[in-house]
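Please read the structure below before turning to the comments.
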Amino acid sequence: MRNLLPFISSHPGGRSALTCRFRCGDACFKETPNTSDNEYAGDIIAGAVSRRSMMRAAAVVTVATAAGIAALTGPSAPQAEAVALAGHGHQPGHPHKPAPSGARGLRFSPVAPNKDDKVTIPDGYAQNVVIRWGEPILRGAPAFHPDKQTAKAQAGQFGYNNDFLSLLPLRGERGRQVMVANHEYTDEILMFRGYDPANPTREQVEIAWAAHGLSVVVVQEENRTGKLGPVNRHPLNRRLTATSEFRMTGPAAGSTLLRTSADRSGRKVLGTLNNCAGGTTPWGTTLHGEENFNQYFANGTTDMHKRYGIGTSATERKWERFDRRFDLAKEPNEANRFGWVVELDPYDPDSTPRKRTALGRFKHEAAQPRLTSDGRPVVYMGDDEKFDYLYKFVSSKRMKKGNSRAAREHNLTLLDEGTLYVAKLSGDSPVTEIDGSGKLPDDGEFDGSGVWIPLATGTTSHVPGMTADEVYVYTRLAGDKVGATKMDRPEDVEPSPRTGRVYVALTNNSDRGKAGKPGADEANPRNSNKHGQILELAENWDDPTSDGFAWRLFLVAGDPDDPATYFAGFPKESVSPISCPDNVAFDAHGNLWISTDGNALGSHDGLFGVATHGDRRGELKQFLTVPAGAETCGPVIQDRRVLVAVQHPGEIDGASVEKPASVWPDGPGKIVRPSVVAVWRKDGRDIGV
C-alpha cells in the first residue's frame with residue numbers, strides 16, 4: 001500500500017495565500033459570516049432508525065431503461081418522506097465485477113497526480129489553447145501587450161481569470177459555436193509589472209474593472225481535429241464588465257434596499273463582479289453566479305454587511321478610492337446590488353443582462369436549471385461559504401418551445417416568478433455513529449432525508465419577521481431564521497439530465513468541528529474537512545417541485561488509501577485521488593465530471609470523470625491536470641471535445657510579473673495568462689469510448 005498523499009498547505013484545501021487574498025478576500029481566515037444558532041443536521045437526527053425504516057418501506061427506486069434512466073415509483077403512503085436512493089450502488093456482499101475497459105465515456109488511461117507546469121492529458125489525446133486573457137475579440141481592440149495595457153483595450157479583449165464556460169449552437173455557421181465565459185476576479189500582482197498593492201493607479205483599477213465580467217466569443221472548429229479558435233470581431237462577440245449596464249428584475253426590483261444615490265429606481269446596476277460558475281438554460285441563455293462580491297466593498301457598517309462577509313476597513317484593490325459606490329459608508333445599499341444570478345442572452349448583443357432577484361442573494365457559485373414534466377424551470381443553487389446553505393427556485397411559468405420572438409421574450413421572464421426554497425437535511429444513523437472521522441456508519445452509507453423550506457413566493461414572505469424584499473436581498477438571514485442545514489461550502493449543483501438526480505459539490509470546510517463551530521453531521525461527516533464531498537439528492541417521486549427529498553453522499557473525497565474516503569462503494573484501489581470538488585458537469589453517458597479547486601493532496605488541480613450508475617458506479621478517473629497555481633474551471637463535456645478554463649495559473653505565494661511561478665501557456669519570458677483549453681482524441685473518436 002502506498003503512503004497517504006501529503007497535505008501541503010495551511011490554507012483551505014491546497015490554495016496559495018495569494019489565491020485566498022485576491023479571489024475571496026481571505027474569507028476563510030476571517031470570522032465565519034454565519035454565526036446563527038439555528039440547528040444543523042447533527043442536531044436533528046434523533047429517531048433516525050424508525051424514520052429510515054418508514055422511508056425504505058414507503059418508496060423504491062427502479063431502473064427504467066438499459067441506459068440507466070431512473071424512474072421513481074410512488075409508494076402507497078403519500079406521506080413518505082423521500083424516495084430511497086437504492087438500487088444503483090454497491091451493496092454489501094455483492095462486490096463489483098468491473099469489466100477491464102471501464103465505464104463508457106471513461107475509457108482512457110487516467111492521468112497520474114503531478115506538479116508539472118502544463119495541462120497534462122491522457123495518452124492518445126491532443127489539446128490547444130482556445131483563447132488567452134487579453135486576446136482581442138471586439139472590432140478595434142488591439143493585440144495584447146502586457147506593458148501597454150489600457151482600460152479601453154481590455155474592454156474589447158478576453159477578460160481575466162476565466163471560470164464558467166458554456167458552448168451553444170450557432171445556426172447557419174458551419175463548425176462554429178458561441179462560447180460564453182465568466183471572468184471571476186483579477187490578480188493585479190500577476191497582471192501589472194511593478195504593481196504596488198497599497199497605491200494602485202486609476203489606470204490599473206480601470207483595467208481591472210474591464211477585466212471582470214463576461215465574454216461572449218464565437219469559436220470556430222478546425223477541420224479534422226478538435227481545435228477551437230476565436231472568430232475575432234464576430235457580430236455576436238461581446239464584453240460585459242464592472243461598468244456595463246445590468247437590470248434588476250423580479251419581485252425585489254425597485255426595492256428601497258436596492259436604491260442608491262446614482263440609481264434611485266433600484267433597477268439599474270453598473271457591472272457584475274466575481275462571476276464564478278453558472279448554467280445553461282433550455283431556452284438558450286446563460287446564467288452567471290456572482291460569488292465573492294463582498295471583497296470589493298469597503299467600510300461595512302451594518303450587521304447585514306457582516307453576515308455577507310463585508311469588512312469594516314479598506315479593500316485589497318482600493319476601488320473605493322476611485323468610485324464612491326464601493327465605499328459602503330457613502331453608499332450602504334450598493335453591495336445589495338451584487339450577489340445575484342445574472343441571465344445573459346448571448347444571441348442578442350444589444351440586450352441588457354438581468355439580475356434575477358427571485359433567485360435570492362448570496363454567494364452564488366452556480367445555477368443550473370432542469371424542467372418539470374409540465375415545462376417549468378427549477379434552478380438548484382449553492383452558497384459558497386463555510387456553514388451556508390443549499391437552495392432551489394421553482395418557477396411558476398412554463399417554458400415556451402421554439403425560437404420565435406414571442407417565445408424568447410416569454411422565456412426571458414421565467415426566472416422572475418416562483419418560489420425560493422432552502423434545504424434542511426437530516427441523517428438516518430444514530431448520532432453516536434457520526435464521530436467526525438469520516439468513518440461510515442453501521443448501515444454502510446452517509447444518507448438520510450430532507451425538506452425544502454419555502455422562503456418567499458413573489459411578494460409573499462414565508463419567513464416570520466421578514467418582508468419578501470428582505471428575504472430576497474438578505475437571503476442568508478432568511479435561511480438562518482428557518483433553520484437550514486449548515487453545509488461544507490456548497491458550490492456547483494447540477495441535476496443529471498439522464499436520471500434527475502442532483503449532485504452537490506461540497507468543496508471543504510476547515511472550521512467544521514472547531515470550538516464554537518458546528519461539528520460533523522451525516523451530510524458533512526468529517527471535522528476539519530480539507531477534501532470535501534459530493535452529495536447526491538433525489539427529489540420525492542422524481543418531481544423537482546417536491547418539498548422533500550432523499551440524499552446520500554456519493555463521494556467522500558481524499559486519498560483512496562485514507563479510510564475516511566468513499567467512492568459510492570467502488571473498490572478504492574481502482575480510483576484516482578481527488579480533493580476539493582468544485583465545478584461539475586455531465587457527459588452524454590451520464591458520467592459526472594468534476595473539476596477541483598485547492599487540491600490538498602500534493603498534486604495540481606484537475607478534471608475527473610466518475611460513473612454515476614451501473615456496476616461501475618463510483619469509478620473515478622483523472623482526465624487532466626492544470627499548471628502550477630491554477631484551478632480547473634468551467635468544464636464543458638461534448639461527445640468529441642472537453643473544454644476547461646485554466647484559472648489563475650502561477651498564483652503562488654511570492655509570484656509576480658517579475659518573478660513568475662509559472663510559464664504557462666506561452667513559455668519562458670512571457671507573462672502567465674489564464675486561458676481556455678480544448679482537449680480531443682487524436683483519432684477523432686468520442687471521448688472515453
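Sequence positions, counted from 1, serve as the residue numbers for this chain.
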What is the ring orientation for Phe326 with Trp319, classed by angle as parallel under 30°, tilted 30 to 60°, or perpendicular over 60°?
perpendicular
Ring pair (Phe, Tyr, Trp, His ring centres under 6.0 Å) pairs touching residues 134-167, sequence neighbours excluded, are Trp133-Phe144, Trp133-Tyr160, Phe158-His183, Phe164-His288
The side chain to side chain donor-acceptor pair (under 3.5 Å) partners of Asp345 (sequence neighbours excluded) come to Arg408
Sorted by chain and residue number, the side chain to side chain contact (heavy atoms under 4.5 Å, CB included) partners of Pro136 (sequence neighbours excluded) come out as Ala141
- Message: Looking only at the aromatic ring of each residue, does the gap between the centers of His604 and Trp664 stay below 6.0 angstrom?
- Response: no
### Query
Are Tyr296 and Phe338 close enough that their ring centers fall under 6.0 Å?
no
Hits for salt bridge (charged side-chain N to carboxylate O under 4.0 Å, His left out) against Arg239, two or more places apart or cross-chain, chain-then-number order -> none
Those residues at least two apart in sequence (or on a different chain) that pass ring-ring contact (aromatic ring centres under 6.0 Å, His included) with Tyr391 are Phe362
Residues at least two apart in sequence or cross-chain that pass salt bridge (charged side-chain N to carboxylate O under 4.0 Å, His left out) with Arg324, listed by chain then number, are Glu331
Sorted by chain and number, sequence neighbours left out, side chain to side chain contact (heavy atoms under 4.5 Å, CB included) with Asp469 holds for Ala252, Ser255, Leu257, Thr467
Value for CG (Leu624) from CD (Gln127), rounded to nearest 0.5 Å, stands at 8.5 Å
The complete set of salt bridge (Lys or Arg N to Asp or Glu O under 4.0 Å) pairs with one or both residues in residues 127-137, sequence neighbours excluded, reads Arg132-Glu135, Arg132-Asp666
Taken in chain and number order and not counting sequence neighbours, the residues that satisfy salt bridge (charged side-chain N to carboxylate O under 4.0 Å, His left out) with Asp117 are none
Residues at least two apart in sequence or cross-chain that pass side chain to side chain donor-acceptor pair (under 3.5 Å) with Arg193, listed by chain then number, are Asp147
Those residues at least two apart in sequence (or on a different chain) that pass side chain to side chain donor-acceptor pair (under 3.5 Å) with Asp327 are Asn299
For Arg476, the salt bridge (charged side-chain N to carboxylate O under 4.0 Å, His left out) test, sequence neighbours excluded, returns Asp383, Glu385, Asp388
